[in-house]
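As structure tokens, the structure follows; a few thoughts come after it.
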Amino acid sequence: MHLPTKINILSLSLLLASTANAKLNQLAKNAGKLYFGTATDNGELNNTQYVSILSDRREFGQLTPANGMKWEYVEPEPGVFNYTDGSVVANLATKNHQLLRCHNLVWHSQLPDWVPNTNWTKETLKAALIDHVTHEARHWASQCYAWDVLNEALNEDGTYRNDTFYAVLGEEYIKIAFKAAAEADPTAKLYYNDYNIESPGPKSTAALGIVTMLQEAGLRIDGVGLQSHFIVGSTPTIDQQISNMKSFTDLGVDVAITELDIRLLLPSNATNLQQQSKDYEASVGACVQVEGCVGITVWDFWDPVSWVPGVFAGYGDADLWFANFTKHPAYYGVEAALKNGTHKGFKG
Ligand SMILES: *[C@@H]1O[C@H](CO)[C@@H](O)[C@H](O)[C@H]1NC(C)=O
Ligand SMILES: *[C@@H]1O[C@H](CO)[C@@H](O)[C@H](O)[C@H]1NC(C)=O
Ligand SMILES: *[C@@H]1O[C@H](CO)[C@@H](O)[C@H](O)[C@H]1NC(C)=O
Ligand SMILES: *[C@@H]1O[C@H](CO)[C@@H](O)[C@H](O)[C@H]1NC(C)=O
Ligand SMILES: *[C@@H]1O[C@H](CO)[C@@H](O)[C@H](O)[C@H]1NC(C)=O
Ligand SMILES: *[C@@H]1O[C@H](CO)[C@@H](O)[C@H](O)[C@H]1NC(C)=O
Ligand SMILES: *[C@@H]1O[C@H](CO)[C@@H](O)[C@H](O)[C@H]1NC(C)=O
């Protein structure tokens, strides 16, 4: 065993002293990541206790607006743009010196009625798509660290989802969207974002195919977002998540965990909360082990504002903070995974 020098002992003890009380974003940075972040939404920003945790940059170094940048809010009528809701979260991130993941430019869901209801030709839909992406990406160009350019374009079997964009334009719509985004915002990292692509399988393979399709067309794609909406006790293993992440980073793109939450069958008890902690630790641990995984975003951090109970009947308590603002055991699972990365840095 080799003896560390005095300086190493000193800096190690300083770092350990500081990591003992460190919060999640600080630990993520110590582990070599860019951020540990969270989604948030306009309706919850009236809660002062919530906002004080949200705005604590030691805890969260990055924000994602959960809704305000979606098409239905931003372009409710053709050519009429409304940036009000999205700007509230964007400006809060700027004020707090937090990175902003912008979400999203093109998605089959939360569209205003005029998009699916117009009788499009290839030419008119292409023009409307370019117009939407260009206006929106330009509007927030100085503020977005990353854009989810395209969200959830795939079916579970790896075929393309046959939404309005695909039905009219075929896979060409994906190239149109990424090209327009790259031109409108040259600095934001451009992402494809989806769920059930967190472990190897047909859908993940199809997402790899989107990356190579864009690369072969000479278009820019910088990353793939692994949403990671999981269920306690049935998440992919850490090894599956690592090998899946590497399949993307091997193509030269970043990955990020973009929407992590792990729901349990209510009510919570010591057993399912302990399993939830292990499950959070595995996902965050996978990102820590993969160099090209740039950061982790939870899909909000406070149970009462989680989307889960409204969508998955009987499930809840998916986040890191309970309703009374005490922390789930899973908070400490995340902490352990991030600290494991911190220590790894010293092993050389
Ligand atoms: C914040 O607003 C929501 C509705 O958007 C409301 O349900 C909630 O009670 C409000 N919270 C506070 C602390 O005012
Ligand atoms: C823009 O959106 C905000 C927030 O949803 C809304 O209050 C406002 O009325 C909208 N503006 C216009 C001109 O529709
Ligand atoms: C849609 O447009 C096509 C071509 O212009 C036309 O033949 C068709 O009748 C239109 N359909 C509807 C429902 O308006
Ligand atoms: C997609 O949907 C359109 C109608 O909306 C249909 O005409 C077309 O055959 C569908 N394509 C596939 C591949 O299912
Ligand atoms: C805890 O909750 C789970 C459901 O999430 C249930 O299957 C299990 O029996 C409960 N355990 C205890 C000790 O209550
Ligand atoms: C901790 O890090 C080691 C490598 O340094 C890795 O093998 C192990 O899986 C990690 N554990 C967790 C829970 O992340
Ligand atoms: C907060 O809520 C959790 C989950 O319901 C509970 O286990 C805990 O005892 C509560 N803590 C306080 C201080 O009320």
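Just so it is clear, the values below take in all heavy atoms, side chains as well, and ignore hydrogens, waters and symmetry mates.
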Between Asn272 and Pro267, is there a donor-acceptor pair closer than 3.5 Å when you use the side chain of the first and the backbone of the second?
yes
Roughly how far, to the nearest 0.5 Å, is the CD1 atom of Ile257 from the CD atom of Glu198?
8.5 Å
Heavy atoms, side chains only, cut-off 4.5 Å: are Ser204 and Ser199 in contact?
no
Salt bridge (charged side-chain N to carboxylate O under 4.0 Å, His left out) partners of residues 264-274, not counting sequence neighbours, each pair once
none
Provide the closest heavy-atom pair for Leu24 versus Leu320 in the form atom of the first, atom of the second, distance.
CD1-CD1, 4.1 Å
Ionic contact status for Asp163 with Arg161, cut-off 4.0 Å
no
Please tell me whether Asn244 and Gln240 have a donor and an acceptor in their side chains that are separated by less than 3.5 angstrom.
no
Check: Phe230 and Arg263 side chains under 4.5 Å, non-hydrogen atoms
no
Taking all non-hydrogen atoms of both residues into account, name the closest pair between Glu281 and Ala337 and its distance.
O-CB, 3.5 Å
All heavy atoms of Val232 vs all of Asp279, minimum pair found to be CA-OD2, 3.3 Å
His108 meets the ring-ring contact (aromatic ring centres under 6.0 Å, His included) criterion, sequence neighbours left out, with none
Shortest non-hydrogen separation from Gln26 to Asn21 and the atoms involved
OE1-O, 4.5 Å
What donor-acceptor contacts under 3.5 angstrom involve side-chain atoms of residues 167-184, with partners at least two apart or in another chain?
residue, atom, partner, partner atom, Å
Glu171, OE1, Tyr160, OH, 3.1
Lys179, NZ, Glu183, OE2, 3.3

Quick test of your reading: applying disulfide (SG to SG under 2.5 Å), list the pairs with at least one residue in residues 237-314, sequence neighbours left out, ordered by first then second residue.
Cys287-Cys293
Quick one: closest heavy-atom pair of Thr118 and Trp114, and the distance?
OG1-O, 2.6 Å
How about CD on Glu156, more than 12 heavy atoms from neighbouring residues, nucleotides or ligands closer than 6.0 Å, or not?
yes
Answer yes or no: is there a side-chain heavy-atom contact under 4.5 Å between Trp302 and Phe322?
no
Any pair with a residue in residues 327-337 that passes side-chain hydrogen bond (donor to acceptor under 3.5 Å, both in side chains), sequence neighbours left out, goes on the list, sorted by first then second residue, please.
Glu59-Tyr331, Gln276-His328, Asp303-His328
Apply the hydrophobic cluster definition, ILVMFWY joined by side-chain contacts under 4.5 Å directly or through others, and give me every member besides Ile231.
Leu265, Trp299, Trp307, Val308, Val311, Phe312, Tyr315
Under 4.5 Å between any side-chain heavy atoms of Ile296 and Tyr35, yes or no?
no
Does Lys203 pair with Asp157 as a salt bridge, N-O distance under 4.0 Å?
no
Pairwise side-chain contact, Ile197 with Leu226, heavy-atom cut-off 4.5 Å (strictly under)
yes
Contacts of Trp140 meeting ring-ring contact (aromatic ring centres under 6.0 Å, His included) (sequence neighbours excluded), chain-then-number -> Tyr83
Who else is in the cluster with Tyr73 when I, L, V, M, F, W and Y are joined by side-chain contacts under 4.5 Å?
none
Could you check if a side-chain atom of Thr64 sits within less than 4.5 angstrom of a side-chain atom of Thr40, using non-hydrogen atoms only?
no
Can you run down the ring-ring contact (aromatic ring centres under 6.0 Å, His included) pairs that involve residues 181-206, sequence neighbours left out, and say none if there aren't any?
none
Who passes salt bridge (Lys or Arg N to Asp or Glu O under 4.0 Å) against Asp148, sequence neighbours left out?
Arg101
Answer whether the closest heavy-atom distance between the side chains of Asp131 and Glu75 falls below 4.5 Å.
yes
Could you work out, with salt bridge (Lys or Arg N to Asp or Glu O under 4.0 Å) as the rule, every residue matching Asp261, not counting sequence neighbours?
none
Nearest 0.5 Å please: distance from the CG atom of Asn193 over to the CG atom of Leu150.
9.0 Å
Give the minimum heavy-atom separation between Leu100 and Ala90, together with the two atoms involved.
CD2-CB, 3.6 Å
Please test Asn47 against Gln49 for side chain to side chain donor-acceptor pair (under 3.5 Å), starting from the C-alpha separation and ending with a verdict.
CA-CA 6 Å; Asn47 185 306; Gln49 201 170 356; over 6 Å; no
For Ser87 and Asp85, does a side-chain donor sit closer than 3.5 Å to a side-chain acceptor?
no
With distance as the sole test, does Asp41 use its side chain to make a donor-acceptor pair with the main-chain N or O of Gly43 at under 3.5 Å?
no
Should His135 and His139 be marked as a side chain to side chain contact (heavy atoms under 4.5 Å, CB included) after you check the CA-CA gap, both sets of side-chain angles, and the distance that decides it?
CA-CA 6 Å; His135 275 88; His139 182 80; over 6 Å; no
Side chain Thr124, main chain Thr121, donor-acceptor under 3.5 Å
yes
Counterpart residues, side chain to side chain donor-acceptor pair (under 3.5 Å), relative to Asn82 (two or more places apart):
Thr84
